[in-house]
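When reading the values below, keep in mind they use all heavy atoms of this one structure, side chains included, and skip hydrogens, waters and symmetry mates. Protein chains get the first letters and strands the later ones, always in sequence-line order, with residue 1 at the start of each.
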Amino acid sequence: MNTVDEHTEHGHHAHGAEEPHIPKDSYFIKVALWLALLTALETSTYWIHLGGFATPALLIMMTIKFFMIIMIFMHLKFDNKLFSLMFYIGLGLAIFVYCVALSTFQFFAS
Amino acid sequence: MFVKPSRRRRVAAAAALGLLLAGCAKNAPQDTFDPAGSNARSIDDLQRPVFYVAGVVGIIVFAVVGYAIWKFKDRGQDIPEQSHGNPKLEIALTILPAIILAAICVPTVSQVFSLDKKDNNCVINVTGQQWWWEYDYAKGSECGGVVIPESIVTSAELVIPANTDVLLRITSRDVIHSFWIPRLNGKRDAVPGRLHTLRLQADQPGLYTGQCTEFCGLSHARMRQAAIALNTADFQTWVTNQTEAYTAPEAGTAAAVGQSTFIAQCSRCHQVNGLQDGDGKPVLAEPDLYVLSGAAPNLTNLLTRTAFAGWTFDLLTDECRDTLWNAPPDEFGALYLKGVTAECFNEANLREWIRNAPAMKPMYTDPKNLGSTGGKTRGMPALGLTEAQIDEIIAYLLERK
Amino acid sequence: MALIASPTPTQSLGVFRRPVAATGWRSWVFTVDHKKIGIMYGVVAMFFFLVGGCEALLIRLQLAAPDNTVLSAGLYNEMFTMHATTMVFLFVMPMAAAFANYFLPLQVGARDVAFPRLNALSFWLFLFGGVFLNTSWFLGGAADGGWFMYSPNSSRLFSPSHGIDFWVLGLQIIGIASLVSSINLIVTVLNMRAPGMKLMNMPVFTWMVLVVQFLLLFALPVITVALFLLSFQRNFGAAFFDVDKGADPLLWQHLFWIFGHPEVYIIILPSFGIISEVLPTFARKPLFGYKFVVFSGAAIGFVGWGVWAHHMFASGLGPVSVAVFSVATMLIAIPTGVKICNWTLTLWGGKLWFSTAMMFAIGVIVLFTIGGLSGVTHAVAPADTQQTDTYHIVGHFHYVIVGGAVMGLFAGFYYWWPKVFGKLLNERLGKWNFWLMFFGVNLTFAPMHILGMQGQPRRMVVWPEKLTGEGFFNLQFWNQIATVGSFLIASGVFMFLVNVVVTAKKAEKAPLDPWDARTLEWMTASPPKEHNFDTIPTVHSLDEFFHRKYEEVDTDKGPRLVKVRSAEEVLAAEEAKADAHIHLPSPSYWPIVLAFGLPVIAYGVIYNLLLSVVGAAILLLGIFGWVLEPSVAEDSDYDPPTGESETKELSSVG
Amino acid sequence: MADIAVHESVTSHDDHGPAAHGSITGISNNKLAMWLFLGSECLLFGGLISTYMLYRGRHGSGVGPAQLFDIPLTSVSSFVLLMSSLTMVLAVNAAKRKDDRNTNLWLAVTGLLGALFVGAQVYEFTAFYHEGVGFTTSLFSSSFFTLTGFHGVHVSIGVIMLLAMVAIISRNKVAGDKAEAVEMIGLYWHFVDVVWVVIFTLVYLIPA
Ligand code: HEA
Ligand code: HEA
Ligand code: CUA
Ligand SMILES: [Cu+2]
């Protein structure tokens with residue numbers, strides 16, 4: 001059955017869990033500026049050669065951006081932990097199985 | 001009708017297990033429980049105890065279930081206590097299998113690595129294709145003391161020296177196949193674009209049958225193979241024979257006519273080493289123009305083999321075949337080296353093959369259906385030869401030994 | 001966009017009236033009721049079981065004699081490919097979906113699934129996908145690459161007929177169906193439980209189905225990727241499996257088995273759930289070690305992700321990978337062993353009632369153990385290089401699948417039939433059904449273990465006489481036993497069909513609670529009312545229903561568990577406080593319309609992309625109609641509404 | 001998963017009205033479904049990315065990633081997509097404030113930025129095609145086009161959803177909770193953006 005919109009009438013069980021504290025616009029703009037800065041840094045590696053550091057540095061920046069977006073823009077940080085759990089199971093499994101599969105091709109050896 | 005289900009179930013379970021333990025055929029040629037070389041034996045030594053452990057665990061489970069069925073059936077007793085379990089027992093029953101499995105793990109892992117060793121002089125290249133195996137003995141490699149003087153290319157039967165470690169380098173020209181001689185070792189897939197290795201060793205001279213075990217399309221079932229182990233002297237003889245110079249049939253014989261028909265009809269796909277055309281130019285096969293996998297069996301010494309076309313059809317008559325298969329190890333080599341003699345020749349098979357190969361072994365050769373391959377066949381087409389031509393070609397092939 | 005301006009919410013696209021029929025074929029075709037959808041799933045899956053079974057019988061007939069000619073080589077290859085595909089994707093999975101659809105909401109005390117229209121969509125996608133797949137038989141030949149469809153044998157070059165295209169696209173459609181229903185069911189279980197039903201109060205069947213839905217959710221995208229790569233290769237010339245361009249055929253194997261191994265647990269866990277319901281009921285005591293069973297189910301779900309390469313021990317992975325996967329595979333025997341032990345201990349000390357359902361459940365324990373143990377022998381990688389691709393493997397997986405999963409489903413049929421149809425299946429025929437299947441399975445699949453170890457490879461249209469060995473117990477003997485066995489299974493299945501007909505004809509109604517059952521689905525009428533529960537029950541414990549019937553009573557012999565209320569009384573108590581204004585989701589055209597678009601697109605991909613455009617148009621129409629249709633139509637409420645606030649549209653997705 | 005159970009006690013037992021259908025966890029069905037879907041999408045894109053990683057160096061003598069990619073262009077379009085995430089978040093916030101005007105505005109801007117990204121991708125694809133790198137050219141090209149193509153299709157679907165949402169809101173025909181509908185599209189949109197964050201780094205920036 002459809003359950004979604006009941007919290008206005010039956011707030012006693014829905015409120016709190018359903019309405020997490022969501023920050024103001026200005027906060028998101030700040031986050032976006034950080035993201036933009038990171039992207040600029042990432043892109044700069046195209047011109048500034050970091051040699052062996054490039055790959056780890058890029059991976060770290062990618063990870064930071066990734067989590068900033070899902071935690072803040074997608075509200076995982078503020079929302080019910082169940083959402084995080086569902087998503088992280090998928091993400092974790094994906095990373096695990098594909099890394100193992102690639103390693104059987106000696107992908108990480110080179 | 002259904003008086004005692006409990007007893008029935010126990011009988012059934014016991015019967016199922018009994019079948020497993022007692023039901024092996026005698027002398028099944030591909031019996032993995034009958035290893036004939038060190039690699040297969042080490043697998044067998046690992047496998048048997050595992051089967052016993054599995055059997056014992058199974059019997060325990062069935063016994064407990066059977067007892068419970070008998071003991072606790074509804075005899076009008078009270079509703080049992082609604083107990084939810086017994087954590088200590090549960091944990092014990094979790095740890096026990098873990099211990100058993102740990103005990104199995106250790107030898108498993110060590111076997112995996114020891115079977116993978118690759119130190120070897122005797123290297124044979126094995127190539128699978130739809131639907132036969134090609135063996136290529138690299139020039140200069142040393143097998144059981146015998147040096148291969150020049151490259152030998154054969155098919156169907158992999159001839160190896162007995163009591164010697166042989167290393168196969170396995171690949172494929174089209175789809176995935178899998179090389180398997182059960183009594184000598186486990187399987188190894190032949191994957192196009194990849195090179196895999198497999199060790200073979202046979203204790204005694206003899207014939208060990210096998211089968212392609214990765215599904216490879218239409219005639220997967222008819223892609224068989226055999227390993228022939230010979231003692232060193234016999235192996236030397238075999239090598240010498242394989243590398244002998246070509247002798248053309250005497251002019252005027254049927255075989256000589258056969259040779260020219262062969263050049264006209266067969267040589268575009270099949271190589272016969274040393275064969276020359278009327279002008280004395282060597283005749284070189286170009287199977288890549290006609291066959292999708294780009295190869296056809298080398299027929300230089302066809303009649304030294306005992307079966308053809310994916311080792312599916314006998315070149316020997318049934319009696320001769322059985323004699324060879326059952327020959328004791330010390331007589332086997334001599335018998336094998338005789339090749340296909342006149343009295344043992346199974347002419348009907350070869351004749352039918354040359355007449356209409358796809359009728360014997362399903363293959364993709366119908367010109368109407370070769371759109372996706374650009375006209376190349378997968379397998380050998382029917383060539384529409386007359387019976388006389390077939391006679392002559394057979395006469396010619398009979399000398400290929 | 002003009003379409004959006006539809007005048008009233010009860011009409012779709014402003015043109016069609018919503019379907020409202022409560023009887024006749026319309027009440028089925030447009031239904032969104034999880035019970036009706038469950039039944040339809042079951043009927044269609046049963047049909048495909050017979051199809052797949054007939055294919056199996058043809059295979060067995062062909063193998064009954066050496067160099068036999070019942071089937072040609074090409075037809076044989078199509079036969080085992082389609083047998084496996086049909087059985088796995090069109091029988092076991094949808095049959096599990098049938099049970100899940102019908103009983104999950106009932107077991108958690110809900111009135112329907114979370115997204116009823118999506119539920120209908122899943123069913124129609126499955127049906128159309130299955131039909132689409134099987135039309136290949138009449139359109140130039142079915143797929144012939146084996147069910148794991150290894151590349152490059154599956155590329156156009158080596159399999160020029162359209163069979164594999166049908167297979168790829170058909171599975172893609174069926175995959176969408178399963179993905180959608182997995183999301184639907186997870187949300188249902190997590191969000192729609194009755195008050196008081198904690199996760200650890202959920203029936204084990206619900207738990208196992210939940211684990212299965214997670215496996216589906218995460219495994220299906222992997223095969224989706226593989227199928228996309230293959231269809232892009234076959235239909236649009238991409239290079240993915242083109243070895244000449246440097247492709248590695250092992251990529252397909254990894255993608256397939258990363259999906260394929262979780263898939264085998266997708267196949268077995270629903271049956272584990274079913275027998276975990278049946279055994280306690282007929283042993284009259286709770287499941288032994290409920291928590292262990294639940295956690296081991298979840299553990300199987302997790303560990304199942306780390307073992308896929310045990311299907312590739314001969315593929316040339318290299319010794320390190322092989323060793324790692326070998327050990328990981330053995331690990332999985334531990335949680336499975338936990339289950340076997342707990343079921344056995346559930347029997348222990350019980351008061352066993354050998355109904356047909358119970359016999360099937362005990363049969364599962366025995367037969368699955370055999371199959372599981374042979375699985376452990378494959379996990380020993382060096383041994384597996386001997387066993388792989390032989391009948392030994394075929395023996396293993398038919399024991400776990402037919403002896404485990406299929407027998408478990410039959411246990412479910414006998415157990416829940418009175419709930420679904422209000423009549424008891426005939427127990428006498430049921431016993432015939434059970435014994436024929438039980439002996440049949442052993443006769444068919446036990447010899448395969450021997451055949452394999454004696455060197456008979458799988459997927460071979462013929463086995464030659466010269467390799468049969470000597471003596472009475474030669475390969476020929478075992479092959480013939482297996483063939484005889486397969487016909488025993490078929491006659492067992494036939495008994496079931498007879499039973500269904502006999503039962504349908506008889507007038508006698510089943511009692512409300514024929515088995516003295518334990519879980520919530522029995523706290524409803526048989527068959528359940530459209531809204532399931534008159535009042536949503538409040539749950540206090542595991543086996544809620546049982547505890548409402550039984551109470552500890554002091555007798556002269558000390559405290560005893562005594563039945564203090566009958567099921568009728570429990571139900572009457574619930575009915576007395578029945579809810580008013582129960583709003584059920586209303587029937588809809590759009591699921592079937594939307595689903596119909598996909599096979600049209602798929603035919604288009606094979607024959608003419610123009611057709612795909614038509615299919616896409618149908619799809620879009622379906623989506624638009626869907627989005628703009630309120631999920632509750634006013635005139636189909638169970639109890640007409642009184643106030644505006646309660647009929648308002650609630651969900652735009654469901 | 002034990003923490004799911006935490007919210008259960010809040011549902012009172014005597015509550016048998018429609019509220020009893022209310023979710024036991026107190027969270028929305030739709031949002032839970034969306035997150036499950038996104039979890040599942042991780043394995044879809046993971047598979048495509050792995051295929052690309054495996055095959056990125058396999059282009060024979062033909063053109064490979066190093067010669068082909070136009071990093072400045074892709075950087076700009078990545079930036080565009082990233083900023084669309086900001087506008088999306090602003091739309092969601094506006095919707096939560098029940099501010100239809102701003103919701104619509106930001107949704108439209110998001111859609112526009114998305115369309116811009118897709119446009120850049122179409123341009124990129126045609127440019128590659130003119131350099132002789134087609135879908136069927138090599139393993140590298142097949143897996144590159146498949147990966148980025150799948151992503152592009154996801155973005156395009158997102159753009160369509162955004163624009164449809166704008167239309168629906170302006171006609172005031174939202175079925176159900178408007179803010180939630182916008183939030184759902186938002187989740188999808190951010191996910192697509194996050195996937196691009198990964199693709200941009202793994203495919204474009206890290207040297208093959
Ligand atoms: C329902 C489906 C199902 C299930 C549940 C299983 C369960 C298992 N499977 Fe099976 N398997 C298949 C379906 C299934 N399998 C299919 C379809 C194939 C072939 C695919 C194809 O090639 O076409 C296959 C193939 C297959 C292979 C590859 C063989 C090959 O092709 O070479 C392997 C290898 O390791 C394997 C192992 C296992 C193991 C270890 C388990 C374990 O989960 C079993 C665990 C259970 C027990 C062990 C019994 C109970 C335990 C106890 C009583 C405790 C005590 C036990 C011990 C101490 C040992 N399976
Ligand atoms: C869910 C999975 C499932 C199920 C239930 C079955 C059920 C059966 N399977 Fe199958 N099988 C597979 C999955 C399954 N199989 C897979 C995955 C493969 C591997 C394929 C591959 O290699 O690619 C395989 C392969 C396979 C082979 C090997 C083929 C080969 O390698 O060459 C064989 C051979 O005997 C076989 C036999 C059987 C039999 C006899 C049954 C029996 O249990 C079937 C019993 C059912 C019936 C017999 C139906 C009853 C029918 C009637 C009563 C008819 C009368 C009524 C009417 C017409 C109205 N199967
Ligand atoms: Cu070659 Cu099977
Ligand atoms: Cu597996």
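Nearest heavy atom pair, residue C/Met453 against residue B/Gln47, reads CE-NE2, 3.1 Å. Considering all non-hydrogen atoms of both residues, C/Ala323 and B/Val109 come closest at CB-CG1, 4.1 Å. For the residue pair C/Ala381 and B/Thr108, the shortest heavy atom distance occurs at N-CG2, 3.7 Å. Listed here is the closest heavy atom pair of B/Ala68 and C/Trp348: CB-CE3, 3.9 Å.
With a 4.5 Å cut-off on non-hydrogen atoms, B/Gln211 touches chain C through its side chain but not through its backbone. Heavy atoms of B/Glu81 lying under 4.5 Å from chain C belong exclusively to its backbone. In this structure, the portion of C/Phe313 lying under 4.5 Å from any heavy atom of chain B is its backbone and not its side chain. Of the atoms belonging to C/Thr369, it is side-chain heavy atoms, and not backbone ones, that fall under 4.5 Å from chain B. Only the side chain of B/Leu115 has a heavy atom closer than 4.5 Å to any heavy atom of chain C. Within the 4.5 angstrom heavy-atom criterion, no atom of C/Gln476 approaches chain B. Only the side chain of B/Arg222 comes within contact range of chain C, with at least one heavy atom under 4.5 Å from a heavy atom of that chain. Only the side chain of C/Asp248 comes within contact range of chain B, with at least one heavy atom under 4.5 Å from a heavy atom of that chain.
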Going through the distances and angles, do B/Leu93 and C/Val338 end up as a side chain to side chain contact (heavy atoms under 4.5 Å, CB included)?
CA-CA 7 Å; B/Leu93 286 173; C/Val338 168; over 6 Å; no
Do B/Thr213 and C/Thr388 pass the side chain to side chain contact (heavy atoms under 4.5 Å, CB included) test, and can you show the C-alpha distance, the side-chain angles, and the key distance before you say yes or no?
CA-CA 8 Å; B/Thr213 44; C/Thr388 187; 6.0 Å; no
Worked verdict on C/Lys466 versus B/Asp314 for side chain to side chain contact (heavy atoms under 4.5 Å, CB included)
CA-CA 10 Å; C/Lys466 61 183 174 186; B/Asp314 289 316; 3.1 Å; yes
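In this structure, CZ in C/Arg459 is found 11.5 Å from SG in B/Cys212, a value given to the nearest 0.5 Å. To the nearest 0.5 Å, atoms CD (C/Glu465) and CG (B/Asp318) are separated by 9.0 Å. Put simply, CG on B/Leu89 and CZ on C/Phe288 are 5.0 Å apart, with the number rounded to the nearest 0.5 Å. Note: C/Phe158 CZ to B/Cys216 SG = 10.5 Å, rounded to the nearest 0.5 Å.
Side-chain contact between B/Ile176 and C/Gln253: present, with at least one pair of heavy atoms (C-beta onward) separated by less than 4.5 Å.
Relative ring orientation between C/Phe80 and B/Phe215 is described as perpendicular, the plane-to-plane angle rising above 60° on a 0-90° scale split at 30° and 60°.
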